[in-house]
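Data block below; observations after.
Just so you know, these numbers come straight off a predicted model, no measurement behind them. Every chain is numbered from 1 and lettered A, B, ... according to where its sequence line falls, protein lines coming before strand lines.
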Protein chains: 2
Amino acid sequence: MAQSNERRTSRRDIYLRLRQMVLTLELAPGAALSENELAASLGVSRTPVRESLILLAQEGLVQVFPKIGSFVSRVDAGQVADAQFLREAVELSSLEDLPGQLDPEIVEELRNNLERQRRPGLDREEFFALDELFHRDLMRLSGHGNSWTTVAAAKGHLDRARRLGLHGHESPAVFADQHHEILAAITDGDTPGARARMRDHLRAVFNDIERIRARSPELFASDPATVPVRRNVVVWE
Amino acid sequence: MAQSNERRTSRRDIYLRLRQMVLTLELAPGAALSENELAASLGVSRTPVRESLILLAQEGLVQVFPKIGSFVSRVDAGQVADAQFLREAVELSSLEDLPGQLDPEIVEELRNNLERQRRPGLDREEFFALDELFHRDLMRLSGHGNSWTTVAAAKGHLDRARRLGLHGHESPAVFADQHHEILAAITDGDTPGARARMRDHLRAVFNDIERIRARSPELFASDPATVPVRRNVVVWE
DNA sequence: CGTGCAGTACTTGTATGGAAGCACTTGTCG
DNA sequence: CGACAAGTGCTTCCATACAAGTACTGCACG
């Protein structure tokens, strides 16, 4: 896209880096952040760090309590459900707008993507990256690629919950199969079938979450207005 | 909601104020902003102003060009269409999840709202505020009130376009009638009817935009990568 | 008169120093 | 021993100074 337009700036780097760390659970839900610490460890001043935290706070990925502290937000079950609803509504509606003739370039890309999803020895993050691209390209097929951006921004909590779900022995192969069926229905021109399979797929993803929530409740927010805990002294190394 | 939780902070005030000014067109699309000027006129330092602009930039309501300037973003036809798609998908899907027994409190609120929409002498901003609440409450009926927040955040461009559309002699009465029909279908338990009327309503809103775009093209972005113009020297007084 | 170049006035980005506030710790007094 | 209060150390917020970069302005020169 307008890649040359966006000048490289320290804030953008830090923002993307922190965001990735939160989404991949490298920064665990509930972890305490600190402008000073982050600034020191990232080698910049507090300003770009602080501005990044503010952006992440607007996305709901961190919580900032004035004069108290900043924390990686716990996975909120309500927000997960909201993101699920939003995503389902948008992705299913998008299927209704599929054109008669699919863009062969995107279809080719989707097929390549699917093949890579089946590659053995795929690690979790690689699979998630492919999954993200797959769903985005599906929406590009119907000309709603930009709306995927909004969905992607809103589903931070959902993504973290999914990563928790795949933390164990879950295999991504099941999801890859579902992806395959969805694409098959689309290329067959079977819109109702595509809708049904897409809905089943998204719900399957969602159902995993309740399972993991029962297993690791401490990563989820119990109360919408959670009380922040003071920084636990964690000596690393 | 958690009103007492959010402490009053200078940044939050400024952010909300600027956002309102952009959405109500008090700050016209394309207008040049300046951290220094805004800070001076708002009586604070650059910091909270700057942080607010960064947030608004993430919402797409302003554009910040490093070392060049900040500008109220022009209404982007693409973003308007994206917002329309998103909103339609979410609001229509929400209707599918309506419970058998509607919350009487919300229904009552919706009825009161409708009555006020018909009050003669209603000005534009009053109508928009009521419209906003009406659609939000509709989603609350199906338990998706939180998702409205996401939609509301994404439809900034759509809202500005709508305000342009109602700048002329348009009467909100037509929309109030449509609102009435939607609510009637819902309380009758006629979900398909509600869907159809809601879709017509949202499309009617959208169609107005193309009309106004033909009339005032300068407020719309011609090119996705618009070239910012240097601040025009406007001496006031 | 046209053209190029240096100067200037502005912009946002980053760094840094208090200001204000919260929570825990510790000492003191009943 | 228990309770209360001052102290300490941390946090984020805000203000401000400087750095880096852009675009316009006006003058000199061909």
| query | With sequence neighbours excluded, what pairs up with A:His179 under the ring-ring contact (aromatic ring centres under 6.0 Å, His included) test? | reply | A:Phe134, A:His135, A:His201

| query | A:Asn113 side chain to A:Leu130 main-chain N or O, any donor-acceptor pair under 3.5 Å? | reply | yes

| message | Using whole Å, what does the distance between atom C1' of nucleotide C:dT11 and atom CG of B:Leu53 come to? | response | 12 Å

| note | Rounded to whole Å, the CD-C1' distance (A:Glu37 to D:dG9) equals 13 Å

| said: Quick check on the helix from C:dC1-D:dG30 to C:dG30-D:dC1: what's the angle between its two end axes, five base pairs per end, to the nearest 10°? | reply: 20°

| field | A:Ile68 CD1 - D:dC13 P separation (whole Å) | value | 10 Å

| task | Could you tell me the separation between the CD atom of B:Glu35 and the P atom of C:dT14, rounded to a whole number of Å? | result | 11 Å

| message | Could you tell me how far apart B:Leu56 (CG) and C:dT12 (P) are, to the nearest whole angstrom? | response | 14 Å

| said: Over 60° means perpendicular and under 30° means parallel, so tell me whether B:Phe85 and A:His144 are parallel, tilted or perpendicular. | reply: parallel

| request: Search all heavy atoms of A:Asp82 against all heavy atoms of B:Ser147 and return the closest pair with its distance. | output: O-OG, 3.6 Å

| Rounded distance in Å - CD (A:Gln63) to P (D:dT11) | 18 Å

| request: For A:Glu59, check side-chain contact (heavy atoms from CB on, under 4.5 Å) against everything at least two apart and list the hits. | output: A:Tyr15, A:Arg19, A:Leu56, A:Leu61, B:Gln58

| remark: From CG of B:Leu33 across to P of C:dT11 the rounded distance in Å is 11 Å

| query | Counting only side-chain N and O atoms of B:Asn36, is one of them less than 4.0 Å from OP1 or OP2 of C:dT11? | reply | yes

| message | Once side chain to side chain donor-acceptor pair (under 3.5 Å) is applied, do any residues pair with A:Arg46, and if so which ones, sequence neighbours excluded? | response | none

| field | Residue list, salt bridge (Lys or Arg N to Asp or Glu O under 4.0 Å) with A:Glu126, at least two apart or on another chain | value | none

| remark: Taken to the nearest whole Å, CG/A:Leu42 to P/C:dA15 is 11 Å

| field | Contact letters for nucleotides 14-20 of chain D, in which S counts primed atoms plus P, OP1 and OP2 and B counts the base, heavy atoms under 4.0 Å | value | BBBB--B

| request: Classify the side-chain pair A:Ser73/A:Arg160 by whether it contains a donor and acceptor separated by less than 3.5 Å. | output: yes

| request: Search all heavy atoms of A:Arg11 against all heavy atoms of B:Ile54 and return the closest pair with its distance. | output: NH1-CD1, 3.3 Å

